[in-house]
2 protein chains.
Amino acid sequence: MDNDIVMEVFQLQAELCKSLGEPKRLMIIHELRKGARSVGQLAGSLNLKQCTASQHLALLRKTGVLSAHREGSTVYYSLITPKIADACDSIREIIIEKLKRNHLLTSVI
Amino acid sequence: MDNDIVMEVFQLQAELCKSLGEPKRLMIIHELRKGARSVGQLAGSLNLKQCTASQHLALLRKTGVLSAHREGSTVYYSLITPKIADACDSIREIIIEKLKRNHLLTSVI
DNA sequence: TTAGTATATTAATATATTCTTATATTATCG
DNA sequence: CGATAATATAAGAATATATTAATATACTAA
């Protein structure tokens, strides 16, 4: 139980959470649940500029959420592990339950 | 499947994740797993200034992570639901597994 | 090699966050 | 009531983040 390591884990955990703390990046993760997508595909489907998408993807890659592989001139991004998407889903559930409790949501999304 | 509501959920989800994206706040959540704690207790055990602790707690309260109740002049904070701590744990697991894969961690924390 | 397409990077600006000091609020006790 | 304790809020400085336009790199095909 080395205290420095514990602190380091909290730090990394915070960086990961922070990288999840942006709507567009959550949408990217949501989209990648369905499978690998190229930068252009994501920019298109999420209505992002190419450079914005690329920067979000680079960040998510840096924090260990995504991996990338190149096929020709196209770069495909994928979730490193479905556990990330699961964690996002569980947070999403908390939000949805809260909305339901406050009668701000009637049907399941 | 109202698109505005979907976007709203992503927004709220991002705000929640962002509020988890700070090491001190993760430590607060970790500490509160054990039960309710006062501002002063948390400031003491996590080595935070009183006002810093109070601000972090206010933010976590605003994003729906924590609830507060007063007993006399003391305010106790608690996790709204253990699901939050569970989500944090699952993210923590992802970090720890990654450290292990990279041989940066030998024993379980 | 040149033109064209897909990504990535850089630099600048605008906005947001964190921490600190100082001050304010709320409650208890004498 | 005044003094003290616990917590909250405000304002400011330092740092970080998100977005954009412009440019650079990587690859393909002619």
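Here is the naming used below: chain letters follow the sequence lines, and residue numbers restart at 1 for every chain. As a basis for the values below, the full set of heavy atoms in this structure was taken, side chains included, without hydrogen atoms, waters or symmetry mates.
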ask   = Which residues satisfy the side-chain hydrogen bond (donor to acceptor under 3.5 Å, both in side chains) test with B/Glu15, sequence neighbours excluded?
value = B/Gln11
request  = Using a 4.0 Å heavy-atom cut-off across all strands, classify A/Tyr76 as base, sugar-phosphate, or nothing.
outcome  = nothing
key: Full working for side chain to side chain contact (heavy atoms under 4.5 Å, CB included) between B/Ile5 and A/Leu99   = CA-CA 10 Å; B/Ile5 294 191; A/Leu99 290 176; 5.5 Å; no
ask   = Between B/Tyr77 and D/dA6, is there a side-chain N or O to OP1/OP2 distance below 4.0 Å?
value = no
task = Sequence neighbours left out, what pairs pass ring-ring contact (aromatic ring centres under 6.0 Å, His included) with at least one residue falling in residues 37-63 of chain B?
result = none
remark   = Partner of A/Val65 under side-chain contact (heavy atoms from CB on, under 4.5 Å), picked from A/Ile80, A/Ile28, A/Leu60, A/Thr81, is A/Leu60
key: For B/Glu31, all residues meeting side-chain hydrogen bond (donor to acceptor under 3.5 Å, both in side chains), sequence neighbours excluded   = B/Lys34
ask   = Can you list every pair that meets salt bridge (charged side-chain N to carboxylate O under 4.0 Å, His left out) and has a residue in residues 43-63 of chain B, with sequence neighbours left out?
value = none
query = Considering only heavy atoms, which members of residues 15-34 of chain B lie under 4.0 Å from some atom of DNA chain D?
reply = none
ask   = Where is the tightest heavy-atom contact between A/Val75 and A/Ala68, given as atom of each residue plus distance?
value = CG1-CB, 3.9 Å
task = Mind jotting down which residue pairs meet the salt bridge (charged side-chain N to carboxylate O under 4.0 Å, His left out) criterion with at least one end in residues 76-89 of chain A? Sequence neighbours excluded, please.
result = A/Arg33-A/Asp86, A/Arg33-A/Asp89, A/Lys83-B/Glu97
Mutual orientation of the aromatic rings belonging to A/Tyr76 and A/His69 [parallel < 30°, tilted 30-60°, perpendicular > 60°] = parallel
query = Which parts of residues 38-59 of chain A get close to DNA chain D, meaning a heavy atom less than 4.0 angstrom away?
reply = A/Lys49, A/Cys51, A/Thr52, A/Gln55, A/His56
query = Taking a hydrophobic cluster as the set of Ile, Leu, Val, Met, Phe, Trp and Tyr residues connected by side-chain heavy atoms closer than 4.5 Å, whether directly or through intermediates, do B/Ile94 and B/Ile96 fall within one such cluster?
reply = yes
List the atom pairs, with distances to 0.1 Å, where a side-chain N or O of residues 40-48 of chain B and a protein N or O form a donor-acceptor pair under 3.5 Å, not counting sequence neighbours.
from: B/Gln41; atom 1: OE1; to: B/Ser38; atom 2: N; distance (Å): 2.8
from: B/Ser45; atom 1: OG; to: B/Gln41; atom 2: O; distance (Å): 3.1

query = Listed by chain and number, what are the side-chain hydrogen bond (donor to acceptor under 3.5 Å, both in side chains) partners of A/Thr63, not counting sequence neighbours?
reply = A/Ser19
note = Counted 5' to 3', the first and last nucleotides of DNA chain C within 4.0 Å (strictly under) of a heavy-atom of chain B are C/dT17 to C/dT28
inquiry  = Once salt bridge (charged side-chain N to carboxylate O under 4.0 Å, His left out) is applied, what residue pairs with a partner in residues 17-27 of chain B remain, sequence neighbours excluded?
reply    = none
message = Treating primed atoms plus P, OP1 and OP2 as sugar-phosphate and everything else as base, which nucleotides of nucleotides 24-30 of chain D get B, S or - for protein heavy atoms under 4.0 Å?
response = --SSS--
